[in-house]
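Fair warning: this is a prediction, and the values are worked out from it, not measured in the lab. Count residues from 1 along the sequence. Note that ligands are numbered from 1 as they come in the structure, with each ligand's atoms numbered from 1 the same way.
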Amino acid sequence: MSHLGYAAGMDSFQATIDADGRIEPRDAMPDGYRKTLIRQIAQHAHSEIIGMQPEGNWISRAPSLRRKAILMAKVQDEAGHGLYLYAAAETLGVDRADVLDLLHSGKQKYSSIFNYPTLTWADIGAIGWLVDGAAIVNQVPLCRCSYGPYARAMVRVCKEESFHQRQGFEILYTLCNGTPEQKAMAQDALDRWWWPSLMMFGPPDSASTHSEQSMAWGIKRHSNDELRQRFVDMTVPQADVLGLRVPDDGLSYDEEAGHYRFSEPDYTELYDVVKGNGPCNQERLAHRVKAHEDGAWVREAAAAYAEKQALKEAAA
Ligand SMILES: [Fe+2]
Ligand SMILES: [Fe+2]
């Protein structure tokens, strides 16, 4: 692109951002904007597919046929979310195979929450309720992200996430209205998943490095701490309905502010899990790499078929 063409492209990019419009794949965009989105969308896609593992672990052990069918649908949805998102990343000029390589070699991350184990059936409830609940809080504002393909993918993803959140809540509701042992299992799951869920919103604003530029570009609409607060405000009343105790002695309702006050999670744990030292990091990645290798024949067959079709078309 000529210098003049480049400058005009950047002007029209900024004008679109200022007018709260959408940037589309063929539009000019700053290199940093493209790179930021590729990284964010790819890591989001990785989180969706790695997130299938902790729950997939329970499909064969779900307590009834109904629960099994629901959980299978939910885990399949997550695969679908991964597909939409890898496709959205590809509109920015990257190849899906390369992006997957970055995941498999550990160069790109996925949400740390999926490095925790699912020890009991109640964990499946807690994941749906808390993890998908936190995902909704994170993703609803992304429906207004300035990059069109990402924003549009999020609309459908969010609808499915709200089904996931309710199925998790319903699992816990059933347990909480069951035997004392079942209720204790639900409480134990909340005790283990509460703090990692709060950490899903990322480091505190005071330590967040990418936020400011992403806000200016209309990729991010709210700060990590704002979203964390929104999640706590939404979730604590739901814990009350379940009759469960949020494991935070510092939790209280601030009438005047209309918000719950809560304790800070231990972010050193977050940084440690991000670095690869969580309870399941190695297991998750090894499983993913094996699934990718086991699926090589499918990719090869699809490519051979496409080639054959193309030859046929060329001949006709
Ligand atoms: Fe999802
Ligand atoms: Fe989900």
Trace of the salt bridge (Lys or Arg N to Asp or Glu O under 4.0 Å) decision for Lys74 with Asp132: CA-CA 11 Å; Lys74 197 260 186 198; Asp132 291 273; 2.9 Å; yes
Flag, side chain of Lys183 to backbone of Gly243, donor-acceptor distance under 3.5 Å: yes
Residues in side chain to side chain donor-acceptor pair (under 3.5 Å) contact with Arg288, at least two apart in sequence or another chain: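 For Arg288 the side chain to side chain donor-acceptor pair (under 3.5 Å) partners, ignoring immediate neighbours, are His104.
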Closest heavy-atom pair and its distance - Gln53, Arg284: NE2-O, 3.0 Å
Near the Fe ion (ligand 1) (under 2.8 Å) - protein N, O or S atoms: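 Those protein N, O or S atoms (cut-off: under 2.8 Å from the Fe ion (ligand 1)) are Glu48 OE1, Glu78 OE1, His81 ND1, Glu161 OE2.
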Check against side chain to side chain donor-acceptor pair (under 3.5 Å), Tyr116 and Arg192: CA-CA 9 Å; Tyr116 292 88; Arg192 282 180 292 109; over 6 Å; no
Aromatic centroids of His46 and Tyr86 separated by under 6.0 Å: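 Yes - the distance between ring centres of Tyr86 and His46 falls below the 6.0 Å cut-off.
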